[in-house]
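Presented below is the structure to which this report refers.
Just so it is clear, the model here is predicted, and its values are computed rather than measured. All values below come from the heavy atoms of this structure, side chains included, with hydrogens, waters and symmetry mates left out. A note on names: the letters A, B, ... follow the listed sequences, proteins ahead of strands, and every chain is numbered from 1.
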Amino acid sequence: MTVTRFAPSPTGYLHIGGLRTALFSWLTAQHNKGEFLLRIEDTDMARNSEEAKDAILKAFEWVGMSHDGEVVYQSKRFDLYKKYIDQLLEEGKAYKCYMSKEELAALREEQMAKKERTRYDGRYRDFDGTPPEGIDPVIRIKAPQEGRISFKDGVKGEFSVEATEVDDFVIARADGAPTYNFVVAIDDALMGLTDVIRGDDHLYNTPKQIVIYNALGFALPNFYHVAMINNEQGKKLSKRDGATDVMDYKTMGYLPEALLNFLVRLGWSHGDQEIFSLEEMINLFDPNDINKSSSNYNLDKLLWLNAHYIKEASDEKLITLLKDFGVDLEGNEKASIILTATKERGKTLVDLAEQVKLLTVAPESYDEKSAKKAFKGEAKEILSTFADMLALAQPITKEAYHAVMEKIVEEKEIGFGKIGMPLRVSLMGSMTGAGMDEVMAILGTDETIKRIEKAIATI
RNA sequence: GGCCCCAUCGUCUAACGGUUAGGAUCCAUGGUUUUCAUCCAUGUUAUAGGAGUUCGAGUCUCCUUGGGGUCACCA
């Protein structure tokens, strides 16, 4: 059975790039009817935070990517890691290193001065003398000293490094706490991972983890190292490039399906297809099809996708979503007609909420340019006559309102714009928006007349 | 700096070594719409540069350039 995972460290919010690799992992699991596990990498007690962990979990909930089984916390597995450290020590595959941090720093500086690669020199690898006083040793793994460490990567292809590139790295700190590369290898193996899909910033951790897999006799999973997402200039994505926190997208009025559709197309494609439902993604996704090159983040496409998913969304769904944006249409008998009049005009839920408010809340003021253009000449008189005609006709449907408009155009022998423009500004405050007949049907006769009279008073 | 990875329209991407280098987005223009938006149609824009292999290179090789990653008792 296919088992994949996402393994964030709880030091901040869920990053948009992290969500993409998580999505790739999740899709791989779903496609193969396998499992997608979640593991919190909280071995660094100093940097962890409970809030960060909750924020990550919340983001997953929002996008609807559920994980299988219980969330695994590395901080609760220290006994387990300790057992493996002791085992390696016993088998002579790991050893205690008494080098102080100062000595290590000095060594590093020396190597840098000689423009060499900085690496531990293995001085305690075969040490059997008397250890120096007052130093709590770290535990280092005996990494191979010659040959190459190689593996097949599903994205990058065959990948290998010189064994000399991997030094005897620390697997347990002086205080006994295990380190990242050590616990990742153990957990990935013990949790039964078949496919490890992660950012390619982990590419160089893989040889280290392979050293651990080999020392402990674990079978290797398949590795997929996905290239990073950069900003539009091809530079590393930072906060200055806009939102990097997944939950910011919720605040900005994006639908999770739009965000996921956007992300799945970064580094992956299926012919000319742009729109993917979750089901289609699951059916079509294969991590072996992930592109090697990094991709750049660009908001245009996300906005386009979001507009698409808003147009597709059902009224019930939009009613629920809009509640977070200050608009409550629950129980409003005109909800449906309001949404059909507005949903094509909003690229985000924020936009959509504004459009809805234009209809449900009378304009406070009139856009200066629009008013100047619309409230001139005989506009005042036309509006007044129109209000009278409405009061008399008491139309209800959109068609009935349209008939009244046609009537005034005919009787006064004017163009449609002569009534349309001033009416629009009176009702909406500016010259844009939904069809007038639609708007009036939503407002109702009383409210329409009220807004017209208010406008007339300002002319 | 050492080691490694990457390179097609502005952006996301497609193209058994053989296509007029395709689609989407963006932008522009036109149509529909009394307006805006939607929708539809049309158009502009790309194989980073240089060698080589080949009858034939976006695709294979090498160099250059550019970008990225990584070199912790962080994860």
Handout entry: Nucleic acid footprint by protein, nucleotides 37-50 of chain B - heavy-atom cut-off 4.0 Å, B for base, S for sugar-phosphate alone
Key = BSS-----------
Exercise for the section: For the side chain of A:L266, starting at C-beta, report the closest nucleotide among B:rU35, B:rG68, B:rU13. Expected result: B:rU13
Completion exercise
Which of B:rG69, B:rC6, B:rC73 is nearest the side chain of A:K236? It is B:rG69
Exercise for the section: Report yes if a side-chain nitrogen or oxygen of A:N291 is closer than 4.0 Å to either non-bridging phosphate oxygen (OP1 or OP2) of B:rA14; otherwise report no. Expected result: yes
Practice task
Examine A:F285 together with A:F24 and report whether their ring centres are nearer than 6.0 Å.
Solution key: yes
Problem - Phosphate OP1/OP2 of B:rC26: any A:N298 side-chain N/O under 4.0 Å - result: no
Completion exercise
Picking from B:rG23, B:rU34, B:rG10, the nucleotide nearest the side-chain atoms of A:D300 would be B:rG10
Exercise for the section: With heavy atoms under 4.0 Å as the rule, sort A:A434 into base, sugar-phosphate or nothing. Expected result: base
Fill in the blank from the handout: In whole angstroms, the gap separating P of B:rC71 from OH of A:Y180 amounts to 11 Å
Fill in the blank from the handout: The residue, A:I135 or A:R148, whose nearest nucleotide of RNA chain B is more 5′ is A:R148
Exercise for the section: Looking only at side-chain atoms of A:Y204, point me to the closest of B:rU13, B:rU34, B:rC4. Expected result: B:rC4
Exercise for the section: Could you check how far CG of A:L299 sits from C1' of B:rG10, rounded to whole Å? Expected result: 15 Å
Exercise for the section: Answer yes if the side chains of A:D200 and A:H225 hold a donor-acceptor pair under 3.5 Å, and no otherwise. Expected result: no
Handout entry: Atom pair CG/CE of A:L266 and A:M228 - distance to nearest 0.5 Å
Key = 12.0 Å
Please enumerate all protein N or O atoms sitting under 3.5 Å from an N or O of nucleotides 19-22 of chain B, with distances to 0.1 Å.
from	atom 1	to	atom 2	distance (Å)
B:rG22	N2	A:D272	OD1	3.2

Handout entry: Check: B:rG23 base within 3.5 Å donor-acceptor of A:Q273 side chain
Key = no
Handout entry: Nucleotide nearest A:R140 (side chain, heavy atoms from C-beta), chosen from B:rU35, B:rC73, B:rA75
Key = B:rC73
Exercise for the section: Identify whether any heavy atom of A:M112 sits under 4.0 Å from a base atom; if not, whether one sits that close to sugar-phosphate; answer base, sugar-phosphate or nothing. Expected result: nothing
Practice task
Supply the atom-to-atom distance A:F386 CZ to A:I452 CD1, rounded to the nearest 0.5 angstrom.
Solution key: 6.0 Å
Completion exercise
When rounded to the nearest 0.5 Å, the distance separating CG of A:L383 from CG of A:L390 is 10.5 Å
Handout entry: Separation of A:E378 CD from A:I419 CD1 (nearest 0.5 Å)
Key = 10.5 Å
Exercise for the section: Remember a base hit wins even if backbone is also touched, and classify A:G435 as base, sugar-phosphate or nothing at under 4.0 Å, heavy atoms. Expected result: base
Exercise for the section: Quick one: label A:K343 by what it contacts on the DNA or RNA (base, sugar-phosphate, nothing), any heavy atom closer than 4.0 Å. Expected result: nothing
Problem - N or O in side chain of A:R108 less than 4.0 angstrom from B:rC73 OP1/OP2 - result: yes
Exercise for the section: Pick base, sugar-phosphate or nothing for A:E41, based on heavy-atom distances below 4.0 Å to the nucleic acid. Expected result: sugar-phosphate
Handout entry: Check: A:K380 main-chain N/O paired with A:S384 side-chain donor or acceptor under 3.5 Å
Key = no
Problem - Any A:S269 side-chain nitrogen or oxygen under 4.0 Å from OP1 or OP2 of B:rA14 - result: yes
Practice task
Confirm from the modelled atom types if A:K301 and B:rC12 form a donor-acceptor pair under 3.5 Å, side chain to base only.
Solution key: yes
Practice task
Would you check if the side chain of A:D168 reaches a backbone N or O of A:R140 as a donor-acceptor pair within less than 3.5 Å?
Solution key: no
Practice task
Using a cut-off of strictly less than 4.0 Å, decide whether A:S294 has a side-chain nitrogen or oxygen near OP1 or OP2 of B:rA7.
Solution key: no
Completion exercise
Comparing nearest nucleotides in RNA chain B, the 5'-proximal residue of the pair A:D437, A:S293 is A:S293
Exercise for the section: Classify the nucleic acid contact of A:T342 as base, sugar-phosphate or nothing, counting any heavy atom under 4.0 Å across all strands shown. Expected result: nothing
Problem - NZ or CZ of A:K76 within 45° of A:Y73 ring axis and under 6.0 Å - result: yes
Exercise for the section: Describe the nucleic acid contact of A:M428 in one word from base, sugar-phosphate, nothing, applying a heavy-atom distance below 4.0 Å. Expected result: nothing
Completion exercise
To the nearest angstrom, the CD1-P distance between A:I149 and B:rU70 comes to 19 Å
Problem - A:T118 vs B:rA72: side-chain N/O to OP1/OP2 distance below 4.0 Å - result: yes
Practice task
Determine yes or no for a side-chain-to-main-chain donor-acceptor pair under 3.5 angstrom, with A:R108 supplying the side chain and A:Q111 the backbone.
Solution key: no
Practice task
Establish, yes or no, whether a centroid distance under 6.0 Å links the rings of A:F223 and A:F151.
Solution key: yes
Practice task
Pick base, sugar-phosphate or nothing for A:A227, based on heavy-atom distances below 4.0 Å to the nucleic acid.
Solution key: nothing
Practice task
Return the residues of residues 153-171 of chain A meeting this criterion: a heavy atom under 4.0 Å from some atom of RNA chain B. Order them by number, or give none.
Solution key: A:K156, A:F159, A:E165, A:V170
Exercise for the section: Classify the nucleic acid contact of A:S9 as base, sugar-phosphate or nothing, counting any heavy atom under 4.0 Å across all strands shown. Expected result: sugar-phosphate
Handout entry: Of the listed nucleotides B:rU34, B:rU70, B:rC73, the one nearest the side chain of A:L104
Key = B:rC73
Practice task
Using only side-chain N and O atoms of A:S295, determine if any of them is under 4.0 Å from OP1 or OP2 of B:rU13.
Solution key: yes
Exercise for the section: Working to the nearest 0.5 Å, report the span between CG of A:D153 and OG1 of A:T206. Expected result: 7.0 Å
Exercise for the section: Could you tell me whether the side chain of A:N205 has a donor or acceptor atom within less than 3.5 Å of a complementary atom in the base of B:rA75? Expected result: yes
Problem - Reported CZ-to-CG distance for the pair A:F60 and A:L23, which is rounded to 0.5 angstrom - result: 9.5 Å
